[in-house]
Structure formats: C-alpha cells, structure tokens
Amino acid sequence: MPELPEVEVVRSGLEPAVTGATVTSVEVLEPRSLRRHDGPDEDFVERLTGSRLLTPERRGKFLWIPLADSSEALVVHLGMSGQVLLRDPAAERDRLTRIVLTLDQPTHGPVRVDFVDQRIFGSMALDVLAPASDHPDQRIPSQVAHIARDPVDPFFDDELFLRRLAAKDTGIKRALLDQTLVSGIGNIYADEALWAARIHYAQPTRTLSRTKAKNLLAEVRLVLGRALAEGGTSFDSTYVNVNGASGYFSHSLNAYGQHGLPCPRCGRPIARESFMNRGSHFCPRCQRAPG
DNA sequence: AAGTAATCCTGATCGC
DNA sequence: TGCGATCAGGATTACT
C-alpha cells in the first residue's frame with residue numbers, strides 16, 4: 001500500500017496493537033526482504049527478539065517502530081506491494097509472507113505481525129535513530145535522513161519547498177515524485193493533484209508561477225487528506241490495511257486510471273501517456289502541455 | 001552537482 | 001491450454 005495515505009493507514013492500524021508489545025519471535029522466510037538491513041539475517045532476528053516496541057512513526061512512505069531502551073527502530077517500507085497484517089497467531093499464512101513477528105501485547109495478549117510482499121521491493125530493517133537535522137529533538141532512522149518531510153508533517157516548511165522547487169531544472173511531476181524534495185507522493189496522488197491544479201505533468205518547474213506552485217501544494221494536501229479519510233486507495237486485495245480491508249478512495253479518483261473516461265470537470269476524455277516508465281493520466285484540455 | 005535511466009522482483013492479465 | 005509480452009501504487013544505484 002504504497003503512498004502516504006496507505007502507509008498512514010498501516011501506521012495507525014499498528015499503533016494500538018504493537019505499542020508496548022514485546023517481540024517473542026522473529027521468522028525470516030525471505031532474506032531479500034531484509035535488503036535494507038545492515039547485517040546478517042541472524043543479527044536482525046537476535047536483536048529484535050525480546051525487544052519492546054514503542055509507538056509507530058512515519059515520514060512519507062517510510063514507517064518505523066522505535067525499540068524501548070535502545071537507540072534503534074524497526075524500519076518498514078512497503079515498496080510496491082508490501083502489506084503488514086495483524087493476525088491471530090494460529091491463523092494461516094498468506095503464500096507471499098516474507099517475515100513473521102510474534103508479539104505479546106500487555107492488554108491484548110499474543111498477536112502476529114505478517115509482512116507480506118509480492119515483488120520484494122519492500123523491506124524490514126533494524127536501523128539506528130539519529131536526531132533530525134532540522135529538529136534535533138526528533139529522532140529518525142539513518143536510512144530516512146535524506147527523505148524530506150511530507151506535506152502532512154507539522155514541521156513541513158512550505159517556503160523551503162517552494163524555493164527548492166523553483167530552483168529545480170525538471171518537470172513538475174518528476175519533482176513531486178522526488179522524495180528528497182517532498183515525500184509521500186507517488187504516481188496516483190501526483191496525477192490527482194496535478195489534475196486538480198490543472199497543471200500538465202511535464203510543465204517545467206521553473207516556469208511554474210509561485211501562485212500555481214502554492215496552489216498545487218494545497219491540492220496535494222487536499223487529495224492526501226481525502227484519501228486518508230477514505231482509508232487509502234485499493235484497486236484489488238494487494239493494497240489493504242492491517243486487517244486486510246481495502247480503502248475506498250479508488251472511487252474518488254478523477255484522473256489516475258481514468259483514461260478514456262470523461263474528465264469530471266470538462267468532459268474531455270482523460271489521456272494516458274507513458275512517462276518515467278509509468279502511466280501519467282491527465283485531461284488534455286484542463287492540463288495543457290507546455291511549449 | 002544534478003538530472004535521468006537502469007535495476008531490483010513476482011504474479012496477474014491479456015493477446016495470440 | 002500454453003506461452004510470451006505487458007503492466008503494477010517505489011527507491012537506490014549507476015551513469016552522463
């Protein structure tokens with residue numbers, strides 16, 4: 001469940017189940033799912049087993065659970081197809097389960113956390129927490145240090161974003177997908193925000209007026225907020241919350257995946273073009289190509 | 001230095 | 001039915 005709303009659905013779903021829980025067992029079924037763990041598999045298992053988990057945190061599409069009495073965290077990234085599922089310890093496992101944690105929760109008892117991932121672009125890892133460069137009292141995993149704050153973060157700096165955006169020499173969609181500039185936005189919400197702001201995906205950032213850029217940022221926040229309120233976007237059972245349930249935002253999409261259907265604003269068919277090896281969906285009338 | 005392409009993967013689906 | 005091509009919501013690495 002890869003973009004910000006979907007990852008936040010997972011984070012908030014994990015919170016009541018894992019906060020204060022102790023890890024009683026760790027099973028790595030697919031070593032490639034530890035790609036981002038700096039060390040051997042056994043190291044991951046040994047250090048995590050017996051640890052107590054604190055409240056899950058998130059920046060962009062990265063999720064992490066700090067460990068009590070430690071300066072480390074369990075970092076989770078869902079990649080393109082990752083899921084984190086809460087299960088009864090006796091429940092059957094999904095065929096694509098890669099890592100299994102068993103927890104003991106003080107009030108709820110034993111619970112199983114299954115990391116399921118078809119494509120293995122996602123991962124779990126143990127990583128050290130270090131002070132954030134802009135707010136040293138906040139601690140983030142070292143592998144998240146280069147990731148910009150997301151637009152939902154109260155410390156997101158609008159002015160800094162607008163300055164850095166204007167200084168870039170690239171197209172606007174590429175910039176929106178650049179996690180070091182602003183995090184949490186993926187292909188769906190980039191297309192949706194650009195449609196809402198009536199901007200073509202290839203519009204050069206330096207030709208984007210400050211007013212247009214500010215409006216785009218506002219539309220990004222709107223679409224992320226709406227998607228979160230509807231439980232995220234699910235097209236099929238690949239993208240689900242910790243209980244395996246789908247979100248409803250796919251019914252609210254205006255551009256993404258709507259090619260051939262009328263633009264909800266002007267009626268002209270939504271187009272789809274290949275860009276950055278993926279689909280870009282836009283209205284040819286509302287979002288005029290640059291140049 | 002910064003921008004962009006190449007790469008890592010599996011499985012569902014579609015056309016022949 | 002079988003098989004190859006295509007496509008999928010991402011991040012890092014390796015080039016230019």
Side-chain angles (χ1 to χ4, degrees), chain A residues 1-10 29-38 58-64 75-84 94-99 115-125 127 141-148 150 164-194 201-202 204-206 220 223-224 227-228 230-241 246-253 255-259 272-281:
Chain A
M1 301 186 63
E3 302 181 47
L4 186 153
E6 293 78 29
V7 178
E8 176 56 24
V9 164
V10 170
L29 304 171
E30 174 50 80
R32 289 176 297 176
S33 292
L34 289 180
R35 198 191 314 259
R36 301 180 69 103
H37 178 73
D38 185 21
R58 182 190 56 73
R59 173 181 288 199
K61 305 168 196 172
F62 280 84
L63 172 66
W64 66 91
V75 181
V76 183
H77 197 287
L78 302 175
M80 293 280 256
S81 54
Q83 307 174 353
V84 180
D94 186 288
R95 186 168 49 96
L96 302 173
T97 304
R98 309 302 188 189
I99 298 171
F115 182 68
V116 179
D117 188 12
Q118 180 206 122
R119 295 176 71 181
I120 324 184
F121 286 171
S123 61
M124 282 187 161
D127 195 8
S142 68
Q143 59 185 264
V144 185
H146 66 293
I147 300 293
D150 58 63
R164 292 189 58 203
L165 182 70
K168 275 198 161 294
D169 181 20
T170 189
I172 184 60
K173 183 171 177 181
R174 214 182 271 279
L176 284 181
L177 296 176
D178 180 353
Q179 305 297 302
T180 67
L181 177 67
V182 52
S183 68
I185 304 166
N187 206 33
I188 293 179
Y189 300 113
D191 282 0
E192 288 300 305
L194 288 168
Y201 65 85
T205 52
R206 46 180 33 152
V220 164
V223 71
L224 293 178
L228 183 55
E230 294 183 40
T233 302
S234 312
F235 298 124
D236 52 44
S237 59
T238 311
Y239 302 98
V240 294
N241 68 13
S246 292
Y248 293 96
F249 195 71
S250 60
H251 304 289
S252 305
L253 295 172
Y256 185 87
Q258 309 301 299
H259 41 295
R272 179 186 192 276
E273 285 179 8
S274 195
F275 175 70
M276 290 174 75
N277 268 331
R278 55 213 331 175
S280 274
H281 312 73

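Bear in mind the structure is a predicted one, so any value in this text is a computation, not a measurement. Just so it is clear: chains get the letters A, B, ... in the order the sequence lines come, proteins before strands, and each one is counted from 1.
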What's the spacing between A/Ser246 OG and A/Glu230 CD if we round to 0.5 Å?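 Here the interatomic distance stands at 13.0 Å.
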Could you tell me whether the phosphate oxygens of [N], OP1 or OP2, come under 4.0 Å of any side-chain nitrogen or oxygen in [X]?
X	N	value
A/Arg35	C/dA11	no
A/Ser81	C/dG9	no
A/Arg278	C/dC7	no
A/His77	C/dG10	no
A/Tyr256	C/dG9	yes
A/Arg174	B/dA2	no
A/Lys61	C/dA11	yes

Taking A/Tyr201 as the fixed residue, which of A/Glu273, A/Lys173, A/Arg174 is the one that meets the side chain to side chain donor-acceptor pair (under 3.5 Å) rule?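 Filter result, single survivor: A/Glu273.
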Using a heavy-atom cut-off of 4.0 Å across all strands, would you classify A/Tyr189 as base, sugar-phosphate, or nothing?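 If one applies the 4.0 Å heavy-atom cut-off, A/Tyr189 turns out to touch nothing in the nucleic acid.
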Would you indicate what A/Leu177 reaches in the nucleic acid, counting non-hydrogen atoms under 4.0 angstrom: base, sugar-phosphate, or nothing?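 Nothing, no nucleic acid heavy atom in range.
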Give the minimum heavy-atom separation between A/Ile188 and A/Tyr256, together with the two atoms involved.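 Looking at all heavy atoms of both residues, the shortest contact is CA-CD1, 3.7 Å.
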List the atom of A/Arg35, the atom of A/Ile120, and the distance in Å for their closest heavy-atom pair. NH2-O, 2.6 Å
Nearest listed nucleotide, side chain of [X], among [options]:
X	options	result
A/Arg98	C/dG9, C/dA11, B/dT10	B/dT10
A/Gln118	B/dG3, B/dT10, C/dA8	B/dT10
A/His146	B/dA5, C/dA8, C/dT12	C/dT12
A/Asp169	B/dG11, B/dG3, C/dG9	B/dG3

Nearest-Å distance once atom P is located in both C/dA14 and B/dC9: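 Per the computed distance, 14 Å lies between those P atoms.
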Taking the same atom, P, in C/dT6 and in B/dA6, what whole-Å distance lies between them? 16 Å
Just the rounded figure in Å: distance from [atom2] of [N] to [atom1] of [X].
X	N	atom1	atom2	value
A/Ile188	C/dC7	CD1	C1'	14 Å
A/Leu29	B/dC9	CG	P	18 Å
A/Ile185	C/dG10	CD1	C1'	14 Å
A/Leu96	C/dA8	CG	P	20 Å
A/Met276	B/dA5	CE	P	8 Å

Kindly state whether the pair A/Phe121 / C/dG10 counts as stacked, where counting means centroids closer than 5.5 Å and planes tilted less than 30° apart. yes
5' priority, DNA chain C, between A/Gln179 and A/Arg119 [closest heavy atom]: A/Arg119
Between A/Arg36 and A/Asp127, does the salt bridge (charged side-chain N to carboxylate O under 4.0 Å, His left out) criterion hold? Intermediate values first, please. CA-CA 9 Å; A/Arg36 301 180 69 103; A/Asp127 195 8; over 6 Å; no
Scan every strand shown for a Watson-Crick or G-U wobble partner of C/dG9, both distances under 3.5 Å, and answer none if you come up empty. none
Base-pairing mate for B/dC9 - Watson-Crick or G-U, with both contacts under 3.5 Å: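 Matched B/dC9 with nothing under the 3.5 Å cut-off.
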